**Q** 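Take this structure, written in structure tokens, and hold onto it; I'll ask about it next.
Any value given below was found using the heavy atoms of this structure, including those in side chains, with hydrogens, waters and symmetry copies removed. Everything numeric in this text was worked out from a predicted model, so none of it was measured.
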Amino acid sequence: MFENYRVFETELAGRKLTLETGKLAQLAGGSVLVRYGDTVILCTATMSDKPRDGVDFFPLSVDYEEKLYAVGNIPGSFMRREARPSEKAILTSRVIDRPFRPLFPKDMRNDVSLVCTVMSMDLDCPPESAAMIGASAAIAISEIPWDGPVSGVIVGMVDGEFVINPTNEQEKRSQMHVTVASTADLVAMIEAGANEIDDETMFNAIMFGHEVNRQVVAFINSIVAEVGKEKIPFESQEVDPDMYEAVKAFAIEKVRLALDTDDKRIRDERLRPVYAETHEALDEQYPEQAGKIDECLYKLQKYVVRRWLLDDGKRVDGRGIDDIRPLASEVGLLPRVHGSGLFTRGQTQVLTTVTLGSSGDAQMLDGLDDEVEKRYMHHYNFPSYSVGETRPSRGPGRREIGHGALAERALVPVLPAVEDFPYTMRLVSEVVSSNGSTSQGAICGSTLALMDAGVPLKAPVAGISCGLITEGELSAGGRFMTMVDIQGLEDFFGDMDFKVGGTHKGITAIQMDLKVHGLTPEIIKEALEKTHKARIYILDEIMLKAIDKPREELSPYAPKMLTTKIDVDKIREVIGKGGSVIQKIQLECHCKVDVEEDGSIFITALDIEDARRALAVIETIAKDPEVGAIYKGRVTRLMSFGAFVEIAPGKEGLVHVSRLDIRRVEKVEDVVTVGDEVMVKVIEIDEQGRVNLSRRDALIEVEGLVPENTVSDGPRPPRRDGPRPGFRRDDRPRRRDD
């Protein structure tokens, strides 16, 4: 039945990697079922027959689909089915997209769709790596034109040693999580998070992953040799060379003049008449291709910028190759938020705000791994006004989610441990103006905002990008040059955006976007060196001069938090039947109480005194009353013989009438009423667990009151002459008939 069914096996990081073809999804252009341990992913690649009309880009879509049946879970949504992709799925799609896209022909406009469906999940065999390898093999064996294959692995570092595709237990101890994608010769993509790793160690980790990738690429090529289809021709959408030369001859000097400014607004204003004049001059000459003139002008701008950089060492805004745009930092802009920071780099501005919440505000996750919640969330917004456009806001796209995740990854390693700072943190980076490197501006602005909020960071983090211009094939010794802090045009027309976030000590995050097939080790090392130097400058000369350390006190509008830990056997008593006890505590103390399964309790209130009252109540519930302890309780019932006082929800004791006050009490109602708050002291706990209390002893001990008819200090009063009241002179009791 499956005549073309083939199975190919190899070993990756000590675990069997199997690629199966010819059995599933046979109508797709290429399909591969990847088995890596118990992780199973179906990867398919399909291309449309004809190019898409009216587009000037290559329409590639990459979808990484997480199916919760892969881990034996039913989705928690109302419909009980997978809804929109999780953020992790979106980020994995982007990681696969970035090394694949530059390997397709730049003049192809046929739609290509890659779908990676996770059908079974083994926590010890990362699906991200398996999906990239499977997708690469699916395209490579298909008829789709492509200059791959590509392989991708994750590099960790456990106990000082590099580990490929770390297991779940190793991942928890790893000092880095570096995804490296490679072709046979070049490094095609880097995505990294690390605990302040130095440049040399990071470079060695990248090279370590690259060597493993080369072996996997050779394995995929062996599969292509056996079952690969012949690549089909496609209709090239490259602009007419004659038309491009005509546009170049007419407009090159106008374009040079328009681009030669450090102000994006002026540049755009200068370019508008250039476009109009070029169309007026050449539309009649190319009546059927007038729409391609805009593409020619874009290509001409790219030519001008790249020649300036490569031949003249000249940047569009006049900076030196390693110069950074003018910088500024500011904190405390928004009085009612818990922390805020504004970072400006040239015409790029990012304003970040910090909101602190309780542990119950953590984000709940419904994914395939064992991460169930996040106490740190970073959201990034890129409104159209930031680039002078008028698009309506439709919520965050993949780019926004990716940039927010990059800023989050850069800052997580320096956040305080939950034991030291038990708050949930939500950061929102608003890009209010954009001319390149907004994600790195978000890292800088977020560090400022966190310190303004009083979050005790281990170290401040800054972010910077490095660009690249190439000429010729890098694998054949082609020419290249790098520049630091790229702005918008250098990003659009350049070949690389190498983003690095880190502290004085080391790197916390890397994200590398390429438009060429890959990088040589020399380029990677140079990019790391340049971003390191720039990062230190930004920290010392700009950011730390705005705020040199986290504020010692939180904003008055931020919640105050206290924590404690109780015996797990007491959790039920703290919560109460149907949540009655904890709801009562929250209502009376104006606070929020979160109880964890291990007995950790987090109390959040706007007023610290409210939090302290709640803490006292919880500790009273969690600890059995002790003789001699003093509590603040509430009168619940009045009896003829005394008053019952609740010292904690569900725990009350009796204050006998004789111990209700420092003076003699005739009626209980003369001293207390139901609802009164009183101080009481535990004087006895009988064999049946009943608690006997004394208000009298508490008043004496706490307030220093003295009972009536007693003197606390000084000599005793002299004995009064004569018989004591109620006794006869002979000291015999007086009878009634006397």
Side-chain angles (χ1 to χ4, degrees), residues 87 91 192-196 327-334 337-345 348-357 361 363 374-383 386 396 399-416 421 423-434 436-465 499-505 507-511 531 534-535 538-540 542-551 554-555 558:
E87 286 198 3
L91 296 174
N195 293 334
E196 299 182 271
L327 302 172
S329 295
E330 189 176 346
V331 296
L333 286 81
L334 307 175
V337 302
H338 302 161
S340 58
L342 175 66
F343 185 78
T344 303
R345 182 188 282 126
T348 292
Q349 285 187 305
V350 183
L351 174 62
T352 298
T353 62
V354 175
T355 305
L356 303 177
D361 293 321
Q363 180 184 6
K374 286 171 60 176
R375 64 181 282 255
Y376 178 86
M377 298 159 279
H378 200 130
H379 299 151
Y380 166 103
N381 296 319
F382 192 89
S386 66
R399 178 181 179 275
E400 285 81 6
I401 291 172
H403 281 5
L406 174 59
E408 179 177 310
R409 190 180 305 116
L411 288 159
V412 163
V414 301
L415 295 177
F421 193 77
Y423 287 89
T424 294
M425 292 160 277
R426 179 186 182 235
L427 276 70
V428 179
S429 293
E430 305 283 2
V431 178
V432 294
S433 181
S434 173
S437 293
T438 55
S439 63
Q440 303 310 286
I443 294 174
C444 299
S446 300
T447 296
L448 296 170
L450 285 166
M451 293 200 291
D452 182 53
V455 179
L457 297 180
K458 298 173 186 176
V461 181
I464 191 68
S465 61
K499 313 179 188 81
V500 182
T503 65
H504 285 94
K505 182 180 177 182
I507 295 169
T508 58
I510 296 177
Q511 187 179 92
T531 53
R535 185 173 79 238
I538 294 170
L539 284 170
D540 291 342
I542 306 299
M543 295 174 59
L544 294 180
K545 289 185 177 180
I547 182 169
D548 61 351
K549 61 182 179 181
R551 299 197 189 281
L554 301 181
S555 163

**Q** As an exercise, state the distance from CD of E430 to OG1 of T438, rounded to the nearest 0.5 Å.
**A**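 Answer for the CD-OG1 pair, E430 versus T438, is 12.0 Å.
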**Q** Decide yes or no on side-chain contact (heavy atoms from CB on, under 4.5 Å) for L411 and T508, but give the supporting numbers first.
**A** CA-CA 7 Å; L411 288 159; T508 58; over 6 Å; no
**Q** Please assess L415 against M425 for the test side-chain contact (heavy atoms from CB on, under 4.5 Å), listing each intermediate value before the final yes or no.
**A** CA-CA 10 Å; L415 295 177; M425 292 160 277; 4.3 Å; yes
**Q** Are M451 and K549 close enough that some pair of their side-chain heavy atoms sits under 4.5 Å apart?
**A**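 SC-SC contact between M451 and K549 ruled out.
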**Q** Starting at CD1 of I443, measure out to CZ of F343 and round the result to the nearest 0.5 Å.
**A**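 Separation between the atoms: 10.5 Å.
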**Q** Give the minimum heavy-atom separation between T531 and S465, together with the two atoms involved.
**A**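 Closest approach of T531 to S465, heavy atoms only: CG2-C, 4.3 Å.
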**Q** Taking all atoms of both residues into account, what is the closest heavy-atom pair of A546 and L448, and its distance?
**A**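 That closest heavy-atom pairing would be CB-CD2, 4.4 Å.
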**Q** Do I542 and S329 touch side chain to side chain, with heavy atoms closer than 4.5 Å?
**A**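 Answer yes - side chains close enough.
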**Q** Find out whether D361 and R426 are in side-chain contact, i.e. whether some heavy atom of one side chain is under 4.5 Å from a heavy atom of the other.
**A**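 Result no, sub-4.5 Å side-chain heavy-atom pair not found.
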**Q** Find the distance between CD (E408) and CD1 (I401) and round it off to the nearest 0.5 Å.
**A**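 The distance works out to 11.5 Å.
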**Q** Mind telling me whether F382 and Y380 have parallel, tilted or perpendicular rings, with 30° and 60° as the class edges?
**A**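 It falls in the parallel class, under 30°.
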**Q** Working to the nearest 0.5 angstrom, can you tell me the gap between T447 OG1 and I547 CD1?
**A**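 CD1 of I547 is found 11.0 Å from OG1 of T447.
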**Q** Do you see a donor-acceptor pair shorter than 3.5 Å between the side chains of S429 and T352?
**A**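 Note: S429 and T352 side chains meet the donor-acceptor criterion.
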**Q** Contact between S437 and T348 at the side-chain level, heavy atoms closer than 4.5 Å - yes or no?
**A**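 No, every pair of side-chain atoms sits at 4.5 Å or beyond.
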**Q** Is there a side-chain contact between I538 and L327 (heavy atoms, below 4.5 Å)?
**A**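 The answer is yes; the side chains approach within 4.5 Å.
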**Q** How far apart are the C-alpha atoms of K458 and E196, what are their side-chain angles, what is the distance that settles it, and do they pass the salt bridge (Lys or Arg N to Asp or Glu O under 4.0 Å) test?
**A** CA-CA 11 Å; K458 298 173 186 176; E196 299 182 271; over 6 Å; no
**Q** How about L450 and P550: do any of their side-chain heavy atoms sit closer than 4.5 Å?
**A**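 Sidechains of P550 and L450: no contact.
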**Q** With side-chain contact (heavy atoms from CB on, under 4.5 Å) as the criterion, how do D452 and V354 come out once you've worked through the C-alpha distance, each side chain's angles and the decisive distance to 0.1 Å?
**A** CA-CA 9 Å; D452 182 53; V354 175; over 6 Å; no
**Q** Identify the heavy atoms of K499 and L406 that sit nearest to each other, and give their distance.
**A**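 Closest heavy-atom pair between K499 and L406: CD-CD2, 3.7 Å.
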**Q** Taking all non-hydrogen atoms of both residues, which atom of F421 and which atom of G454 are closest, and how far apart?
**A**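 Of all heavy-atom pairs spanning F421 and G454, the closest is CE1-O, 4.1 Å.
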**Q** How long is the straight-line distance from CD1 of I464 back to CZ of R345, given to the nearest 0.5 Å?
**A**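 One gets 4.0 Å once the value is rounded to the nearest 0.5 Å.
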**Q** Passes side-chain contact (heavy atoms from CB on, under 4.5 Å), T424 versus M377? Steps please.
**A** CA-CA 8 Å; T424 294; M377 298 159 279; 3.6 Å; yes
**Q** For residues A558 and L356, report the shortest heavy-atom separation together with the two atoms involved.
**A**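 Shortest heavy-atom contact: CB-CD1, 4.3 Å.
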**Q** Of all the heavy-atom pairs spanning Q440 and V500, show the shortest one and how long it is.
**A**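 Scanning both residues completely, I find the closest heavy atoms to be OE1-O, 3.3 Å.
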**Q** Say whether H378 and S446, considering side chains only, have a donor N or O and an acceptor N or O under 3.5 Å apart.
**A**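 Side-chain D/A pair, H378 to S446: present.
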**Q** Can you tell me how far OG of S433 sits from CD of Q349, rounded to the nearest 0.5 angstrom?
**A**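 Going from the CD atom of Q349 to the OG atom of S433 covers 5.5 Å.
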**Q** Any donor-acceptor pair under 3.5 Å linking the side chain of R535 with the backbone of T503?
**A**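 Indeed, once roles are kept as given, a pair shorter than 3.5 Å links the two residues.
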